[in-house]
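Notes follow the structure.
Within every chain, numbering begins at 1; the chains are lettered A, B, ... in the order of the sequence lines, protein sequences first and strands thereafter. Quick caveat, the model's predicted, so the values are computed rather than measured.
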Amino acid sequence: MNPTWNAIRSGLERGVIELRQTFTTAQDLWGYLFPAVVLLVVMTVMRDSEVPGTGFSLGAMALPSVLGMNVAYGGLVNIAQHLAVEREDGTLLRAKAVPGGMLGYLVGKIVGIAGAVLVSLVLVLVPGMFLFDGLALTGVGTWLGLLGVVALGLVATMPIGAALGSLFPNARSIGLLFLPIIGLIAISGIFYPVTSYPEWIQWIAQAFPIYWLGLGMRSALLPEALVAAEIGESWRHLETLAALGAWAVVGLAVAPIVLRRMARRESGSSVAARREKALQRVA
Amino acid sequence: MSVSELGTPRTGSRPHQDVTIEVRGLRMRYGPVDVLNGVEFRAYRGEVVALLGPNGAGKTTTIEILEGFRIRSAGEVRVLGVDPARGGESWRARLGVVLQSWRDHGKWQVRELLRHLGSFYAPYSTAERGRPWDTDELIAAVGLTEHADKRVSRLSGGQRRRLDVAVGIVGKPEVLFLDEPTAGFDPHSRRDFHDLVHRLADLDDTTILLTTHDLDEADKLADRILVLAGGSIIADDSPDALARRMSTGAEVRWTRDGERFVHSTTDATAFVRGLFAEHGDTVADLEVRRASLEDTYLALVHEFESGHGDAVIRSFEEAAR
């Protein structure tokens, strides 16, 4: 068998194994359930408020936006976190010592994170379908649109997330990512229509993938009338495709360079040095 | 499991095609400091070579250059005929690296991890060398059968080190690198590990290059000892030959009428002959202790450091400037 295909196949298997492991690890289960419950509670509280000028439930509007946010969060933060942790603990070095191991590792990471993102979506979407009225969930187009946005969103965010994870010096410094991400979520129209913000904030939001993922999800899951609350009163499908596509192109161009540079520097002594440091911190 | 008696003495010159590691004029410079300064050695198929040296002598750097994880400053290096700085995946498939793990792959089960890592080697299987190693056989070889279904995070420190060794050899390597492999082993695990190393070298013809601080271990395991000090190899010989070369003295201990005696001499045979001639049957508990590898090693490094002390200080001052 061709070694490259073999490595990809081993990587797929790796992703499936790692995803399965999350279902039997208490910490990972908590990581799935806790955010889902918090988000559902928040949206339920918002249920009786209205999207300005539409009479539509703000909670129901937030549901698709939250799905988009989860895709962006998984693709940016989770993958960055995994890479930083697994570089520090030597997982990456092990991959490097095996023929085709780095390719297998990356394929595995993509599959594992994508799977975890899907799980987090289902955990919000399924209870949400019962909690909120008015979502357009019947047509085949709805589900195809949803899957398309998820796929495009992952391609747009994961390479950037991987590059960020390679740039941070250790797992703890990844915490620095949270603040800007939370700020972006706040201005990206996830919990409140972006059109109610000043125009300059709208411009900032539109520079990042979180806004576009929220918009894409809303266009798939909300009734047509809700378009009134969007910028330009349009779902802007082409713009969504262009913006997420641009992030994907930048990510796919930058990530291999950053990842390769990071991987080249890994050796037994660099892992040992970080272990020393981490253990000192504990002590 | 004891296969150490299968060991064959390795003497005389060996054919060139059996050279698996060749290092000539290897230099490594970090900023203004030369850590390696003209390292030269060879290793052959099926040979166990121990690399010894004081802390900071550059043992780990040397091994990492051979593994292809670090780029050298100058010199020529070939591992299995390939420059490690340019080794591709098919070259990588013929190497084994035993890494000191910390907490990676904690959620994986032992068997699952070894089967997964082994799967990467399948395309590189050959008629002489079936790759990867059968998972259950490998688990048995490192003594982890009872723990095969455990999560890696639940293994003890010693079990984890055995797993590290298993991961290093899962691809049936032709050259295996081990950096401080037995740090943290109990005596029993250490013995099992030594048997495994002999088995790999003798049955699988694997070249094994290891670093260690345990001179007793080097003595037991290695066909050849390299001593790295001051950035170059200052000794390259079998453990016995090294001990013979360095030691002129021996220590003789005996008891007579319940009293203990110790005497240092340069000619133990003559001294013992005289001892018996003088005291005959009253001599008991006779023990002649030749210099151990440890004595030899310490003498070598001491001799080197006192001979090169000035140079060492000079380079240190240059570095500080």
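Between chain B and the residues A:Val271, A:Leu92, A:Val98, A:Val85, the most heavy-atom pairs under 4.5 angstrom are made by A:Val98. Counting heavy-atom pairs closer than 4.5 Å to chain A, the top-ranked of the candidates B:Leu99, B:Thr60, B:Val97 is B:Leu99. In terms of heavy-atom pairs under 4.5 angstrom with chain B, the leader among A:Thr22, A:Asn2, A:Thr24 is A:Thr24.
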Might you work through the side chain to side chain contact (heavy atoms under 4.5 Å, CB included) test for A:Asp28 and B:Lys107, ending with a clear yes or no?
CA-CA 11 Å; A:Asp28 293 327; B:Lys107 294 181 202 164; 2.6 Å; yes
For side chain to side chain donor-acceptor pair (under 3.5 Å), just list the numbers for A:Arg9 and B:Ser119, CA-CA rounded to whole Å, side-chain angles, deciding distance to a tenth of an Å, and then say yes or no.
CA-CA 9 Å; A:Arg9 202 184 57 177; B:Ser119 72; over 6 Å; no
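The neighbour count for A:Arg172 CZ, taken as heavy atoms of other residues, nucleotides or ligands under 6.0 Å away, is above 12. No more than 12 heavy atoms of other residues, nucleotides or ligands lie within 6.0 Å of CZ in A:Arg260, so this atom counts as exposed by the packing criterion. Applying the 6.0 Å contact sphere to CH2 of A:Trp5 captures no more than 12 heavy atoms from other residues, nucleotides or ligands. Heavy-atom contacts from other residues, nucleotides or ligands closer than 6.0 Å to CG of A:Leu179 number 12 or fewer. Within 6.0 Å of atom CZ in A:Phe130, 12 or fewer heavy atoms from other residues, nucleotides or ligands are found, so the atom counts as exposed in its surroundings.
Shortest non-hydrogen contact noted between A:Ser267 and B:Phe69 is CB-CB, 3.9 Å. Closest of all the heavy-atom pairs between B:Phe120 and A:Ser10 is CZ-CB, 3.6 Å. Residues B:Tyr124 and A:Pro99 approach most closely at CE1-CB, 3.6 Å, considering heavy atoms. Of all non-hydrogen atoms in A:Ala97 and B:Tyr121, the two that sit nearest each other are O-OH, 3.8 Å.
With a 4.5 angstrom heavy-atom cutoff, B:Arg151 touches chain A only via side-chain atoms. Residue B:Glu67 does not touch chain A at all, counting heavy-atom pairs closer than 4.5 Å. Using a 4.5 Å cut-off between heavy atoms, A:Leu93 touches chain B through backbone and side chain atoms alike. Neither the backbone nor the side chain of A:Arg87 has a heavy atom closer than 4.5 Å to any heavy atom of chain B.
Look at B:Arg70 and A:Glu266 and you find no salt bridge, because none of the NZ, NE, NH1 or NH2 atoms lies under 4.0 Å from a carboxylate O. Between A:Glu13 and B:Arg115 there is a salt bridge, since a side-chain N of the basic residue sits under 4.0 Å from a carboxylate O of the acidic one.
Residues A:Glu18 and B:Trp108 have side chains in contact (heavy-atom distance under 4.5 Å, counting atoms from C-beta outward). A:Thr91 places none of its side-chain heavy atoms less than 4.5 Å from the side chain of B:Arg103. Under the 4.5 Å side-chain criterion, counting only non-hydrogen atoms from C-beta, B:Gln109 is not in contact with A:Gln21.
Atom NE2 of B:His105 is separated from atom CD1 of A:Ile17 by 9.5 Å, given to the nearest 0.5 angstrom. Atom-to-atom distance recorded for A:Ser269:OG and B:Ile63:CD1 is 11.0 Å, nearest 0.5 angstrom. Between the NE2 atom of B:His116 and the CZ atom of A:Arg14 there is a distance of 4.0 Å, given to the nearest 0.5 Å.
Formation of a donor-acceptor pair under 3.5 Å by the B:Glu89 side chain with backbone atoms of A:Pro3 is not found in this model. Remark: side-chain polar atoms of B:Asp104 are not paired, donor with acceptor, to backbone N or O of A:Glu86 under 3.5 angstrom.
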